[in-house]
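Written below as structure tokens is the structure these notes are about.
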Protein chains: 2
Amino acid sequence: MMNQVKMARIQADLTQQQLADRTGVTRQTISLIEKGTYNPSLKLCLNICYALNRKLDDLFWVQSEETKHEKIADER
Amino acid sequence: MMNQVKMARIQADLTQQQLADRTGVTRQTISLIEKGTYNPSLKLCLNICYALNRKLDDLFWVQSEETKHEKIADER
DNA sequence: ATATTAAGTAATGTATATGTTACACTGTGT
DNA sequence: ACACAGTGTAACATATACATTACTTAATAT
């Protein structure tokens with residue numbers, strides 16, 4: 001589950017702990033989400049968005065496997 | 001947890017059962033998500049997006065309580 | 001050298017998302 | 001009147017998100 005949380009957090013100049021505090025979870029949860037091994041709840045995704053002043057698609061959108069090919073075709 | 005799933009599903013002319021089949025969950029799960037009593041996982045949100053050809057912000061974005069006021073102020 | 005901060009990760013417990021089965025209600029068609 | 005499709009919802013079981021605690025490593029500062 002790839003995402004842009006780590007990039008956005010660093011751009012916002014926050015530590016994992018600071019982001020965790022602002023989103024109401026523990027640092028460990030943030031770490032696992034950034035590493036991509038977790039499948040976070042929508043509510044947590046939204047809280048991360050609020051803390052980083054982003055929207056869902058900025059941080060969490062991933063293209064479906066099927067439409068990836070169309071994208072490649074578009075780029076040609 | 002308000003969302004636009006029901007609207008988008010009806011616009012796509014799908015039943016809850018059809019959407020459930022396409023997203024790999026049961027009809028009950030779709031029903032509860034549409035009703036807003038569930039806090040679905042990101043993976044399920046993405047699968048619903050794929051099935052309805054939408055993006056996360058279209059179906060699942062909800063403004064934070066704090067920024068709601070700013071929005072209202074903007075509209076004045 | 002030592003202390004401190006940021007981050008990765010493992011073990012264990014709890015809360016909850018989701019599945020399964022089943023029943024009820026509403027509307028529509030016959 | 002009956003059948004059926006679509007939906008809401010409840011009870012119970014299972015998987016997993018998330019918390020808690022704790023250990024480790026790397027980097028930086030004193």
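For clarity, every value in this text was computed on a predicted model and none was experimentally measured. All chains are named by letter (A, B, ...) in the order of the sequence lines, taking the proteins before the strands, and each is independently numbered beginning at 1.
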Indicate yes or no: at least one non-hydrogen side-chain atom of B:C45 is less than 4.5 angstrom from one of B:L59.
no

Over all heavy atoms of both residues, which pair between B:Q18 and B:T15 is shortest? Give the atoms and the distance, please.
OE1-N, 2.9 Å

Do B:Q11 and B:R54 come close enough that some side-chain heavy atom pair is under 4.5 Å?
yes

Identify the heavy atoms of B:N47 and B:T23 that sit nearest to each other, and give their distance.
O-CG2, 3.5 Å

Go along nucleotides 4-9 of chain C 5' to 3' and tag each nucleotide: B for a protein heavy atom under 4.0 Å from its base, S when only backbone or sugar atoms are that close, - otherwise.
--SBBB

Close side-chain approach of B:W61 to A:C49, heavy-atom, < 4.5 Å
yes

Establish, with yes or no, whether the OP1 or OP2 oxygen of C:dG19 is under 4.0 angstrom from a side-chain nitrogen or oxygen of B:T29.
yes

Drop me the distance from A:M2's CE to A:K35's NZ, to the nearest 0.5 angstrom.
11.5 Å

Expressed as a whole number of angstroms, how long is the span from B:L44:CG to D:dT16:C1'?
14 Å

Scanning both residues in full, the closest heavy-atom pair of B:N39 with A:K43 reads OD1-N, 2.8 Å

Taking C-beta and beyond as the side chain, do A:L52 and A:L14 meet within less than 4.5 Å on heavy atoms?
yes

For B:K43 and C:dG19, give me the distance from atom NZ to atom P, rounded to whole Å.
13 Å

Would you say D:dA19 has OP1 or OP2 under 4.0 Å from some side-chain N or O of A:T26?
yes

Could you tell me how far apart A:L42 (CG) and C:dA17 (P) are, to the nearest whole angstrom?
11 Å

Sorted by number, the residues of residues 47-57 of chain A with heavy-atom contact under 4.0 Å to DNA chain C
none

In whole angstrom, give the distance that lies between atom CD1 of B:I30 and atom P of C:dT20.
14 Å

Rounded to whole Å, the CG-P distance (B:L19 to D:dG6) equals 13 Å

Write down the distance between CG (A:N39) and C1' (C:dT16), rounded to a whole number of angstrom.
13 Å

For B:R9 and B:Q16 the tightest heavy-atom approach is NH1-N, 3.4 Å

